[in-house]
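Please read the structure below before turning to the comments.
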Amino acid sequence: MGEKQNLLSLEDVCIGYETPTGTVRAVVNATLSLSAGDTLGIVGESGSGKSTLAHGILRLLPKTAVVTGRMMFQDVDLLRCDAKTLKDLRWKDIAVVFQKSMNSLSPVHKVGEQIVDIYRVHVPQATKEEVYDRMRHLLSVVNLPDRVLDLYPHQLSGGMLQRISISLSLIHQPKLVIFDEATTALDVVTQGQVLSEIRRLQSEMHVTSILITHDVSVVAETCRRVAVMYAGHLMEVGPVDQVLVSPRHPYTQGLLASFPSLSGARRRLRGIPGTLPDLKAEPKGCVFAPRCPKAFDRCHESMPPAVDTGTGCTVKCHLEGSER
Amino acid sequence: MGRYLGKRSLTGLLTVIVVLVLNFFLIHLAPGDPITILAGMDNPSQELIDITKAKYGLDKPIYVQLWTYIKTLLKGDLGHSIIQARPVSQLIMERLGNTLLLTLTSAVLALVIGTALGIAASRKPGSALDNVLSLIAYVLYSMPGFWLGLMLILLFSSTLRLFPTSGMVDARASYTGIAYVLDVLKHMVLPVGTLTLIGIPGYFRITKASLAQVLKDDYNTLFLAAGMDEKKIFRKYCFRNAILPTITTFGMRLAYVIAGSATVEIVFAWPGMGRLVMSAINTRDYPLLMGVYLVTSVSVAVWMILVDIFYAIADPRIRYS
Ligand SMILES: Nc1ncnc2c1ncn2[C@@H]1O[C@H](COP(=O)(O)OP(=O)(O)OP(=O)(O)O)[C@@H](O)[C@H]1O
Ligand SMILES: [Mg+2]
């Protein structure tokens with residue numbers, strides 16, 4: 001896979017939130033690349049920095065956030081490009097389905113009116129009918145009647161709003177869509193439909209997607225690659241059939257053990273004892289060391305760098321490449 | 001909506017009736033009465049007092065008086081002022097226009113200026129502009145209207161001689177047409193200015209607080225992510241969401257515009273409702289007081305319904321529930 005084909009590449013991205021009591025290190029040295037047509041899943045516990053990373057890609061973070069490193073979308077430097085370039089890119093090339101879809105529309109404007117406004121950002125002369133025609137198709141994809149356009153957000157259920165957000169993200173046929181917990185509020189049936197639709201979009205419309213979720217089984221079903229995030233670090237990144245089948249990182253192993261087996265075999269679920277570390281403190285060793293069952297001396301001294309395993313995976317673990 | 005309006009009108013009517021009865025008892029039970037005042041301080045003749053009392057029906061038990069008052073009201077008559085010996089409705093109509101000129105103008109000005117300043121301050125929270133405006137609003141908020149009025153008179157009338165000190169027209173000149181209008185406008189500047197200045201902080205603070213809340217709403221992120229201009233997001237979406245509490249405040253203010261502002265009217269010797277009420281209270285002019293209070297309570301009731309309607313138009317969450 002050559003450099004040229006990369007749609008999105010992140011290099012050593014760090015994102016910190018400045019707070020009166022210190023900096024919250026929400027994303028630390030994230031390096032990741034995504035080629036066109038790929039589907040990447042990002043899994044991790046709540047608070048591990050997944051949404052922060054997603055917002056960082058479109059420069060949507062609050063002013064208190066400090067971002068360093070490099071983020072390239074095709075040949076655009078996302079962190080340093082001017083406002084015009086960024087504005088042109090937003091929604092047309094990169095769209096997001098936000099985690100808080102239920103609140104992501106204005107409560108005092110009709111759904112359709114807001115969608116028309118969003119469409120007109122890039123196609124100013126579009127008529128209401130054109131936008132409605134487009135939306136009608138996209139809404140049918142997520143099993144919604146087009147009458148939702150004439151309603152107000154409070155007249156719709158959480159799942160309906162989430163499905164509207166999904167259709168809205170596709171309105172300009174973006175090259176990259178980031179689904180931040182996009183299917184969490186949906187029932188199993190709809191979730192299945194939406195996921196298969198995402199898969200179809202990926203193959204037919206060549207939509208590249210990033211799927212942020214807590215649910216490893218969703219990643220297993222939908223994604224080709226997966227990144228496992230813990231306390232701001234991308235602990236293990238690689239193809240799904242490797243990372244989820246033979247995980248190298250003790251955290252990934254623990255995470256998989258906390259979910260019902262994908263093959264259906266019944267066994268006792270194990271959690272990972274302990275909790276996420278305080279992201280404000282600068283950890284001395286590996287962020288996972290305090291909870292890691294396999295931690296040894298070095299783990300308490302330094303954070304391991306990302307190591308290429310030679311099988312298409314990168315792993316941040318001292319066990320990697322050392323005496324296993 | 002129709003059903004809802006019917007229900008609201010009915011409760012409004014009930015409120016007005018309850019207020020009317022309560023007021024009637026309060027006013028009549030308060031110490032002092034108009035006849036004693038009419039008769040004068042120096043050796044009033046008991047005979048005259050008794051005759052006058054009987055003439056106005058004040059010698060009857062209070063519930064009989066109330067019943068008589070209500071019967072007159074039902075005929076569309078607000079009664080006669082005891083002290084001024086003229087129909088109450090006439091007295092009120094004379095003053096109402098003058099008062100509305102002051103209160104309506106200043107209510108609208110305070111709304112527009114206070115909201116605009118609130119928006120300006122919210123654009124850059126913590127900036128020098130925000131701090132200065134907040135300080136001014138704080139100072140204005142703690143200033144009594146009559147005192148501010150006096151200070152404005154001292155500065156603009158006595159010292160700078162820009163505006164007249166009091167009244168609504170220049171009594172010595174008998175202007176007509178345009179000249180009359182200009183004269184009234186000149187007399188309006190200071191009292192309207194006073195009322196506007198003390199009205200501004202309320203709108204300023206509400207707008208600021210509401211915008212601070214609304215700017216954090218999640219739809220801001222969506223529209224931003226969609227590439228929409230921040231200005232457009234603000235103008236169309238934040239503004240509409242933030243304006244809801246302002247509608248309520250303004251509506252409440254409008255409900256009371258006809259009551260006038262007694263202190264400011266007294267300071268500027270403005271012939272309005274506020275002064276009418278004050279003199280009616282001082283002379284225990286029962287029918288006049290009842291009339292003014294009735295008109296005020298009807299106005300409040302009607303405006304509360306109108307505010308509800310405006311609010312429902314602005315906020316669909318209320319309209320459909
Ligand atoms: N505006 C902010 N200011 C300070 N800290 C923040 C801010 N937003 C998020 N954080 C912190 O950054 C960390 C990462 O948050 P983020 O929302 O990215 O987590 P997440 O992985 O998306 O979690 P979830 O799965 O619950 O959505 C958390 O510890 C959170 O407390
Ligand atoms: Mg999140």
Side-chain angles (χ1 to χ4, degrees), chain A residues 51 54-63 83-111 113-124 150-156 161 164-165 168-169 171-172 174 177-178 180, chain B residues 1 115 119 121-127 130 206-207 210-251 307-321:
Chain A
S51 298
H55 281 69
I57 291 172
L58 268 184
R59 291 216 322 235
L60 295 170
L61 293 165
K63 288 199 183 70
K84 167 92 173 64
T85 314
L86 184 68
K87 183 178 176 287
D88 288 347
L89 200 119
R90 284 174 168 177
W91 225 254
K92 204 165 169 60
D93 288 327
I94 307 179
V96 188
V97 179
F98 289 100
Q99 184 169 10
K100 298 180 200 152
S101 313
M102 343 274 166
N103 304 324
S104 66
L105 290 170
S106 159
V108 297
H109 295 83
K110 281 190 181 158
V111 171
E113 186 186 353
Q114 306 187 49
I115 292 177
V116 170
D117 271 350
I118 287 176
Y119 191 77
R120 281 188 184 149
V121 170
H122 292 299
V123 193
D150 291 317
L151 298 177
Y152 289 94
H154 76 276
Q155 295 170 308
L156 298 159
L161 287 171
I164 289 175
S165 295
L168 179 58
S169 72
I171 200 164
H172 286 303
V177 184
I178 303 171
D180 191 352
Chain B
M1 197 73 189
T115 308
I119 292 174
S122 305
R123 276 300 174 90
K124 285 209 170 71
S127 64
D130 180 17
I206 281 192
T207 308
S210 173
L211 269 177
Q213 192 61 48
V214 161
L215 285 172
K216 279 196 229 117
D217 284 350
D218 288 323
Y219 50 80
N220 286 289
T221 317
L222 171 71
F223 292 132
L224 219 53
M228 207 182 280
D229 272 338
E230 259 172 88
K231 281 201 186 97
K232 159 113 196 202
I233 301 176
F234 188 89
R235 271 201 319 266
K236 177 155 183 188
Y237 292 98
C238 297
F239 185 74
R240 175 87 180 268
N241 276 286
I243 206 68
L244 300 172
T246 308
I247 294 179
T248 318
T249 315
F250 185 61
V307 168
D308 278 358
I309 297 175
F310 287 144
Y311 210 95
I313 291 171
D315 190 345
R317 285 166 296 186
I318 295 191
R319 200 181 323 156
Y320 294 99
S321 59

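Lettering follows sequence order; numbering is per chain, from 1.
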Chain A contact via K236(B) - side chain, backbone, both or neither, heavy atoms under 4.5 Å: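 Interface part for K236(B): both.
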
Is any NZ, NE, NH1 or NH2 atom of the basic residue among K84(A) and D88(A) found under 4.0 Å from an Asp or Glu carboxylate oxygen of the other?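 Yes, this pair counts.
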
Is the closest basic N to carboxylate O distance between D117(A) and K232(B) below 4.0 Å?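 Salt bridge flag = yes for K232(B) with D117(A).
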
Measuring from I118(A):CD1 to L168(A):CG, what's the distance to the nearest 0.5 Å?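 CG of L168(A) is found 4.5 Å from CD1 of I118(A).
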
Who passes side-chain hydrogen bond (donor to acceptor under 3.5 Å, both in side chains) against D229(B), sequence neighbours left out?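 Result, side-chain hydrogen bond (donor to acceptor under 3.5 Å, both in side chains) vs D229(B): none returned.
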
Would you please classify the geometry between the F98(A) ring and the H55(A) ring as parallel, tilted or perpendicular, with 30° and 60° separating the classes?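 Plane angle between 30° and 60°, so tilted.
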
For L161(A) and P153(A), which heavy atoms make the closest approach, and how far apart are they?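 L161(A) and P153(A) have their closest heavy atoms at CD1-O, 3.8 Å.
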
Toward chain B, the part of Q99(A) with a non-hydrogen atom under 4.5 Å: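 Neither part; nothing is under 4.5 Å.
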
Please classify the contact of V108(A) with chain B as side chain, backbone, both or neither, using a heavy-atom distance under 4.5 Å.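 Contact with chain B involves both backbone and side-chain atoms of V108(A).
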
Tabulate, in ascending numerical order, the residues of residues 237-247 of chain B having at least one heavy atom closer than 4.5 Å to a heavy atom of chain A, or enter 'none'.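 Counting heavy atoms that sit under 4.5 Å from chain A, the residues of residues 237-247 of chain B involved are Y237(B), R240(B), N241(B), L244(B).
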
How about S104(A) and D218(B): does a side-chain donor come under 3.5 Å of a side-chain acceptor?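 Looking only at side-chain atoms, D218(B) and S104(A) do not form any donor-acceptor pair under 3.5 Å.
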
